[in-house]
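Down below is the structure, laid out as structure tokens.
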Amino acid sequence: MEKTLIFGHKNPDTDTICSAIAYADLKTSLGFEVEPVRLGTISGETQFALDHFQVKAPRLVETVANETDSVILVDHNERQQSVSDIDKVRVLEVIDHHRIANFETSHPLYYRAEPVGCTATILNKLFKENNVQIRKEIAGLMVSAIISDTLLLKSPTCTEQDVAAARELAEIAGINLESYGLELLKAGADLSGKTIAELISLDAKEFQMGSSKVEIAQVNAVDTNDILVRQPELEAALTTIIADKGLDLFVFVVTDILNNDSVALALGGSTQAVEQAYNVKLVDNKAVLKGVVSRKSQIVPVLTEVFNKN
């Protein structure tokens with residue numbers, strides 16, 4: 001039986017990596033031959049979780065069709081966010097918590113999408129549905145994913161299901177949810193050693209909004225000024241990316257994990273969409289987005305609506 005590869009989106013975050021590992025663990029226990037892989041660099045936050053629970057990072061791949069005919073997607077479905085040769089393999093399953101866009105398959109598939117804060121919350125249900133006990137280290141990675149995606153259960157994307165799953169998994173993992181969660185988020189917010197290119201690509205996703213191409217990158221920080229002090233360098237790099245990819249808008253979002261606000265740095269020909277979406281005025285290409293912390297629920301849908309109207 002040929003091995004199936006399991007992976008999340010490019011520029012992987014903690015949910016992407018941890019959910020790929022967790023789902024591979026579940027599928028293996030059910031008798032399937034699978035391997036979790038990754039499409040990008042491991043972030044500091046994710047590495048903190050992997051180190052804490054002593055789990056090895058999945059290997060990096062650039063293409064998959066040279067290795068397998070079948071794949072399983074976690075934490076994404078949009079083709080531009082996936083592996084470059086996704087059109088050359090069969091997608092067997094998708095486990096996701098995002099919008100569904102730019103996605104179609106030639107064969108029927110198992111598709112599990114739920115409006116929860118994290119893919120790992122769905123996986124927690126799948127372990128139960130299949131009567132498979134979650135191992136301590138896997139539970140640790142899963143609760144790390146939930147902490148990351150919901151900003152320690154404070155994001156508007158967080159549901160009661162996420163809260164319940166996080167508490168269950170923290171108990172299995174043997175951690176204090178609050179103290180471990182804060183350590184994890186601080187590890188992710190330490191960006192002092194990152195280059196400009198790394199900052200921009202750390203957690204960047206490309207979206208089709210109406211007829212426009214939009215890229216949104218997001219980083220977490222304890223102090224947003226630690227990042228924005230490098231604005232001239234950021235703008236130079238973003239301008240190059242906009243030209244290279246033919247983007248209409250690039251929004252670089254710096255989220256304050258302590259105050260739960262964000263600062264948006266917007267460049268491109270359609271920056272007025274940001275002003276329109278949030279009723280703000282960009283000054284020096286920046287604007288404070290009060291109470292905005294979630295790209296999934298507070299940025300992508302709002303901007304998409306604006307682009308669809310224009």
Side-chain angles (χ1 to χ4, degrees), residues 9-14 16-17 38-48 60 62 80-81 84 148 151 184-207 209 212-278 280-290 292-296 298-300 302-303 307:
H9 54 75
K10 296 174 185 173
N11 304 316
D13 57 13
T14 300
T16 277
I17 297 295
R38 59 186 169 94
L39 304 185
T41 305
I42 298 285
S43 72
E45 180 187 89
T46 307
Q47 193 62 56
F48 178 90
L60 176 68
E62 294 186 1
Q80 69 273 18
Q81 297 174 11
S84 59
S148 174
L151 279 181
L184 177 76
L185 292 180
K186 283 184 176 177
D190 181 10
L191 303 172
S192 53
K194 299 294 183 185
T195 65
I196 292 295
E198 287 171 333
L199 282 176
I200 293 168
S201 63
L202 198 61
D203 186 6
K205 290 183 179 179
E206 191 177 311
F207 301 90
M209 297 183 181
S212 300
K213 281 178 69 178
V214 179
E215 188 157 338
I216 304 168
Q218 185 174 23
V219 296
N220 292 337
V222 174
D223 184 346
T224 58
N225 289 325
D226 291 343
I227 307 299
L228 295 171
V229 72
R230 304 172 74 179
Q231 184 174 342
E233 296 170 85
L234 285 166
E235 289 193 2
L238 294 181
T239 300
T240 299
I241 292 171
I242 289 167
D244 290 347
K245 293 187 175 182
L247 300 175
D248 297 284
L249 175 66
F250 197 119
V251 185
F252 182 73
V253 182
V254 186
T255 298
D256 187 325
I257 63 170
L258 300 181
N259 296 325
N260 291 334
D261 294 326
S262 293
V263 177
L265 174 64
L267 293 175
S270 298
T271 54
Q272 75 280 355
V274 176
E275 296 182 322
Q276 191 177 337
Y278 296 99
V280 294
K281 185 71 179 173
L282 290 168
V283 178
D284 192 23
N285 299 322
K286 299 193 302 285
V288 175
L289 307 182
K290 298 294 290 183
V292 173
V293 296
S294 170
R295 173 173 53 198
K296 184 182 73 168
Q298 295 176 299
I299 300 176
V300 174
V302 182
L303 283 178
F307 277 108

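Fair warning: this is a prediction, and the values are worked out from it, not measured in the lab.
The heavy-atom pair separating A277 from L303 by the smallest distance is CB-CD2, 4.0 Å. Across all non-hydrogen atoms, the minimal contact from V300 to M209 is O-CE, 4.0 Å. Across all their heavy atoms, P12 and T41 have their closest contact at CG-O, 3.6 Å. A pairwise comparison of heavy atoms in L191 and G188 identifies CD2-O, 3.5 Å as the closest pair. Across A221 and A189, no two heavy atoms sit closer than the pair CA-CB, 3.8 Å. Scanning both residues, L199 and F252, for their nearest heavy atoms gives O-CE1, 3.6 Å.
Heavy-atom neighbours of K296 NZ from other residues, nucleotides or ligands within 6.0 Å: above the threshold of 12.
Under the side chain to side chain donor-acceptor pair (under 3.5 Å) criterion, E233 pairs with no residue at all, not counting sequence neighbours. The side-chain contact (heavy atoms from CB on, under 4.5 Å) check on T195 picks up A197, E198, with sequence neighbours excluded. Listed by chain and residue number, nothing satisfies the ring pair (Phe, Tyr, Trp, His ring centres under 6.0 Å) test with Y278 (two or more places apart in sequence, or in another chain). Considering only residues two or more places apart in sequence or on other chains, D203 meets the salt bridge (charged side-chain N to carboxylate O under 4.0 Å, His left out) condition with R295. With sequence neighbours excluded, no residue forms a side chain to side chain donor-acceptor pair (under 3.5 Å) with T239. Scored by the side chain to side chain donor-acceptor pair (under 3.5 Å) test, N285 finds E235 as partners (sequence neighbours excluded). Remark: T46 engages T14, I17, I42, S43, L50 in a side-chain contact (heavy atoms from CB on, under 4.5 Å) (not counting sequence neighbours). Applying the side chain to side chain donor-acceptor pair (under 3.5 Å) test to K194 and every residue at least two apart in sequence or in another chain returns nothing. With sequence neighbours left out, Q276 forms a side-chain contact (heavy atoms from CB on, under 4.5 Å) with V306, N310. Every residue meeting the side-chain contact (heavy atoms from CB on, under 4.5 Å) condition with N220, not counting sequence neighbours, appears here in chain and number order: L151, T255, I257.
How far NZ of K245 is from CD of E215: 3.5 Å, rounded to the nearest 0.5 Å. Here the straight-line distance linking atom CD1 of I196 with atom CG of L238 works out to 8.5 Å at 0.5 Å rounding. To the nearest 0.5 angstrom, L184 atom CG is 6.5 Å from S148 atom OG. Taken to the nearest 0.5 Å, the OG1 atom of T224 stands 11.5 Å off from the CG atom of L265. For the atom pair I242 CD1 and L249 CG, the distance stands at 7.5 Å (nearest 0.5 Å). Here CG of D190 is found 11.5 Å from CZ of F48. Values are rounded to the nearest 0.5 Å.
The shortest distance between side-chain heavy atoms of K205 and I216 does not fall below 4.5 Å. Using a 4.5 Å heavy-atom threshold, the side chains of L185 and E45 count as touching. The shortest distance between side-chain heavy atoms of L234 and I227 falls below 4.5 Å.
Side-chain atoms of Q298 come within 3.5 Å of backbone atoms of V293 as a donor-acceptor pair (strictly under, hydrogens ignored). Although no hydrogens or angles enter the test, the distance criterion places a donor-acceptor pair under 3.5 Å between the side chain of D13 and the main chain of T16. Of the possible donor and acceptor atoms, one in the side chain of Q231 sits under 3.5 Å from a partner among the backbone N and O of D284. Using modelled atom types, one side-chain atom of E275 and one backbone atom of L282 make a donor-acceptor pair closer than 3.5 Å. Side-chain atoms of Q80 come within 3.5 Å of backbone atoms of E206 as a donor-acceptor pair (strictly under, hydrogens ignored).
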Audit row: V292, V253, side chain to side chain contact (heavy atoms under 4.5 Å, CB included) steps and yes/no: CA-CA 10 Å; V292 173; V253 182; 5.7 Å; no
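Pairs engaging residues 248-262 under the salt bridge (charged side-chain N to carboxylate O under 4.0 Å, His left out) rule: D261-K290 [sequence neighbours left out].
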Name each donor-acceptor pair under 3.5 Å that joins a side chain in residues 266-274 to protein atoms two or more places apart or in another chain, with its distance.
none

